[in-house]
J.: 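Here it is, the structure in full.
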Amino acid sequence: MRLRLSASLVLAAGLAACGDGGGMGSTPGPEPRAYFMGFTAIPPRPDNALAIRTVDLWATRADAGLLLYDPPWERLLAGDDAVALVRANELGLANYFRGKGLAVLVASIDATDGLDRAQDSPALRALGRSLTEPAVRDAYVRYVGAFAEVIRPDYLSVASETNLVRAIAPPSLYAALVDAAVRAAGEARRRAPSTRVFSTVQVEVAWGRLVPGGPFVGIARDRSDFAFAEVIGLSSYPYLAGFVEPEELPLDYYARLVEAPPLPVMVIEGGWTSASLGGIVSSPDKQRRYLERQARILDAARAAGWFQITFTDLDLGAIPLPSGSIVPLFAAIGLVDTGFAPKPALAVWDEVFRRPRRP
């Protein structure tokens, strides 16, 4: 359930240098927030100017930026220097974020298919390669190390939605992910000691929602297999897992995952669609109520961060998609539409952002 578009969309801006009762109401109150807040550079359509405009619009209502990358597999496996690749590509967007005055830079590097966790990444599959190969894992470690050295983000994720990969991918792919992530985490720490390294889990899977009516599962296995994690990244799309109303989410929706021993949590991706699609019935008001509930859940967990992965909706007519793509399920989770007109949820975000941040 990972929303991850092509690298050209994510990189576009670099060319410029997810208990109880009802919602909390439209005004969350003056109490401080513990978490930083931000977005990615993904624009509504694959257009450089729109990517820059997207960042410029959300940077005034954020104190953090999120970088999402798939490794440049073809060039890595051809033997290209990883540091040179990062300097030529990823560094531009990181510098643009920093130039906007964002206090925190978080990056997530994905080793599997963000839209189908049962598989290797599309780029690897196109090459006829797999993370199960030692040489591919070695390339991943080199890339993560180079990224950490050049970009030096405050936080760096080296494995995404690990519980979902374990649940639906072949055991060999999950084992390969564990090996690659553990070694990559060590390399990142060696080359950028100040960067906090972590992995992410899928919240609905942890709550047993992969199967209707399933029991709470938790993330103990993930914390054991990825014991290097200094924070737990969260991916959460409750509307895709049978939740009909935002108020159905318990206030300990995040906090319960890390009760013993406690670790900080950070929402890396997630949201609630403002549009109905298939069997999902939603609306802009329901999305607004979700952000209200989300803020209460984050407060209860004393979360470290909250990223809304897309600031804008996605213009599906302008994005090439393969047949059967699940991207339409995520196309309306933005806080503004494809023309940058605000949706009701944006006012909630802005109100929460105005609360003073005290980690």
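FYI, side chains are in, hydrogens and waters are out, and symmetry mates aren't considered; it's all heavy atoms of this structure.
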J.: Short question: side chain of R45, backbone of I319 - any donor-acceptor pair under 3.5 Å?
T.: no
J.: With a 3.5 Å cut-off and no angle check, do the side chains of N89 and Y69 form a donor-acceptor pair?
T.: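 No donor-acceptor contact under 3.5 Å links the two side chains.
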J.: Please name all residues satisfying side chain to side chain contact (heavy atoms under 4.5 Å, CB included) with V141, sequence neighbours left out, ordered by chain then number.
T.: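 Per chain and number, V141 pairs via side chain to side chain contact (heavy atoms under 4.5 Å, CB included) with R183, A184, E187.
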J.: Quick one: are Y35 and V104 in side-chain contact, heavy atoms under 4.5 Å?
T.: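 The answer is no; the side chains never approach within 4.5 Å.
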J.: Are the side chains of V158 and F226 in contact, using a 4.5 Å heavy-atom criterion?
T.: no
J.: Quick one: does D63's side chain have a donor or acceptor within less than 3.5 Å of a partner on A103's backbone?
T.: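 Checked: no pair found.
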J.: Applying the salt bridge (charged side-chain N to carboxylate O under 4.0 Å, His left out) test to D299, which of R33, R358, R355 qualifies?
T.: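 Of the listed residues R33, R358, R355, the salt bridge (charged side-chain N to carboxylate O under 4.0 Å, His left out) partner of D299 is R355.
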J.: Taking Y253 for its side chain and W207 for its backbone only, find out whether a donor-acceptor pair lies under 3.5 Å.
T.: no
J.: Linking I/L/V/M/F/W/Y whenever any side-chain heavy atoms sit under 4.5 Å apart, do L115 and I280 land together?
T.: yes
J.: Could you tell me which non-hydrogen atom of G233 sits nearest to which non-hydrogen atom of I268, and how far apart they are?
T.: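 Answer, listing the atom of G233 first, then I268: CA-CG1, 4.1 Å.
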J.: Counting only heavy atoms not in R223, do more than 12 fall under 6.0 Å of its CZ?
T.: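 Atom CZ in R223 is packed in, count exceeds 12.
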J.: Closest heavy-atom contact between A185 and V197?
T.: CB-CG1, 3.7 Å
J.: Check this for me, if you would: do R53 and D47 make a salt bridge, where the nitrogen-to-carboxylate-oxygen distance has to be below 4.0 angstrom?
T.: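 Salt bridge between R53 and D47, a charged N being under 4.0 Å from a carboxylate O: no.
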J.: Please verify the inter-ring angle class for F198 with Y155; under 30° counts as parallel, over 60° as perpendicular, anything in between as tilted.
T.: perpendicular
J.: Give me the atom names and distance for the closest heavy-atom approach of L298 to G305.
T.: CD2-O, 4.1 Å
J.: May I ask you to check whether Y290 and F243 place their ring centres under 6.0 Å from each other?
T.: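 Centroid distance F243-Y290: not below 6.0 Å, so no.
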J.: Taking all atoms of both residues into account, what is the closest heavy-atom pair of A206 and I219, and its distance?
T.: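 The pair with the smallest heavy-atom distance is CB-CG2, 3.8 Å.
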J.: Is there a side-chain contact between P43 and T312 (heavy atoms, below 4.5 Å)?
T.: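 Sidechains of T312 and P43: no contact.
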J.: Around atom CZ of R191, are there more than 12 heavy atoms of other residues, nucleotides or ligands at under 6.0 Å?
T.: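 Result for CZ/R191: enclosed.
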J.: So which atom in P153 and which in T195 form the shortest heavy-atom distance, rounded to 0.1 Å?
T.: O-OG1, 2.6 Å
J.: Check K286, R293, R289 against E247 for a salt bridge (charged side-chain N to carboxylate O under 4.0 Å, His left out) and give me the one that passes.
T.: R289
J.: Check this for me: does any side-chain nitrogen of one of D80 and R142 sit under 4.0 Å from a carboxylate oxygen of the other?
T.: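 Answer for the salt bridge query: no.
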J.: Look only at the side chain of N163 and the backbone of Q202, and say whether a donor-acceptor pair between them is shorter than 3.5 Å.
T.: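 Here the side-chain-to-backbone pair exists.
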J.: Honestly curious: do L77 and I109 fall in one hydrophobic cluster under the side-chain, below-4.5 Å linking rule?
T.: yes
J.: Is there a donor-acceptor contact under 3.5 Å from the side chain of D154 to the main chain of L105?
T.: yes
J.: Please report whether the ring centroid of W349 lies less than 6.0 Å from that of F39.
T.: yes
J.: Would you say E133's side chain and S130's backbone share a donor-acceptor pair under 3.5 angstrom?
T.: yes
J.: Return a table of donor-acceptor pairs under 3.5 angstrom between the side chains of residues 322-342 and protein atoms on other chains or two or more places apart.
T.:
residue : atom : partner : partner atom : Å
S325    : OG   : V327    : N            : 3.1
D337    : OD1  : G339    : N            : 2.8
D337    : OD1  : F340    : N            : 3.1
D337    : OD1  : A341    : N            : 2.9

J.: Got a sec: does the CD of E74 have more than 12 other heavy atoms crowding it under 6.0 Å?
T.: no
J.: Minimum heavy-atom separation for L131 to A180, with atom names?
T.: CD1-CB, 4.4 Å
J.: Hydrophobic cluster membership, with links at side-chain heavy-atom distances under 4.5 Å among I/L/V/M/F/W/Y: are L291 and V244 in one?
T.: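 Per the 4.5 Å side-chain linkage, L291 and V244 are not co-clustered.
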J.: Please examine the side chains of T162 and V178, heavy atoms only from C-beta on, and report whether any two atoms are closer than 4.5 Å.
T.: no
J.: Do Y239 and Q287 have a side chain donor and acceptor closer than 3.5 Å?
T.: no
J.: Using only atom types and a distance under 3.5 Å, with no angle test, would you say the side chain of T54 pairs donor to acceptor with the backbone of L50?
T.: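 Checking the backbone N and O of L50 against the side chain of T54, a donor-acceptor pair under 3.5 Å is found.
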J.: Side-chain heavy atoms nearer than 4.5 Å, only ILVMFWY residues, links allowed to pass through others: does that put F36 and F353 together?
T.: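 Both belong to a single hydrophobic cluster.
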J.: Any sub-3.5 Å donor-acceptor pair from S282's side-chain atoms to T273's backbone N or O?
T.: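 Yes: the side chain of S282 pairs with the backbone of T273.
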J.: Ignoring hydrogens and geometry, is there a side-chain-to-backbone donor-acceptor pair from R75 to P71 under 3.5 Å?
T.: no
J.: What residues, two or more places apart in sequence or in another chain, satisfy salt bridge (charged side-chain N to carboxylate O under 4.0 Å, His left out) together with R256?
T.: none
J.: For D56 and Y96, test the side chains for any donor-to-acceptor distance below 3.5 angstrom and give the result as yes or no.
T.: yes
J.: Out of curiosity, I42 CD1 to L314 CG, how far, rounded to the nearest 0.5 Å?
T.: 7.0 Å
J.: Any Lys/Arg nitrogen of R296 or E292 sitting under 4.0 Å from an Asp/Glu carboxylate oxygen of the other?
T.: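 No salt bridge links R296 with E292.
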J.: For a side chain to side chain contact (heavy atoms under 4.5 Å, CB included) check, start with the C-alpha distance between E90 and Y143, then their side-chain angles and the critical distance, and finish with the verdict.
T.: CA-CA 11 Å; E90 290 86 331; Y143 175 73; 2.4 Å; yes
J.: Do F216 and V201 sit in the same hydrophobic cluster, where Ile, Leu, Val, Met, Phe, Trp and Tyr count as joined when their side-chain heavy atoms come under 4.5 Å apart?
T.: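 Looking at the clustering, V201 is in the same group as F216.
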J.: Salt bridge check: are R209 and E204 linked by an N-O gap of less than 4.0 Å?
T.: no
J.: Run R196 and M266 through side chain to side chain contact (heavy atoms under 4.5 Å, CB included) and show every step you take.
T.: CA-CA 12 Å; R196 302 181 68 180; M266 179 192 310; over 6 Å; no
J.: When S108 is tested against each of L67, T40, L68 for side chain to side chain contact (heavy atoms under 4.5 Å, CB included), which residue passes?
T.: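 Only one option passes, and that is L68.
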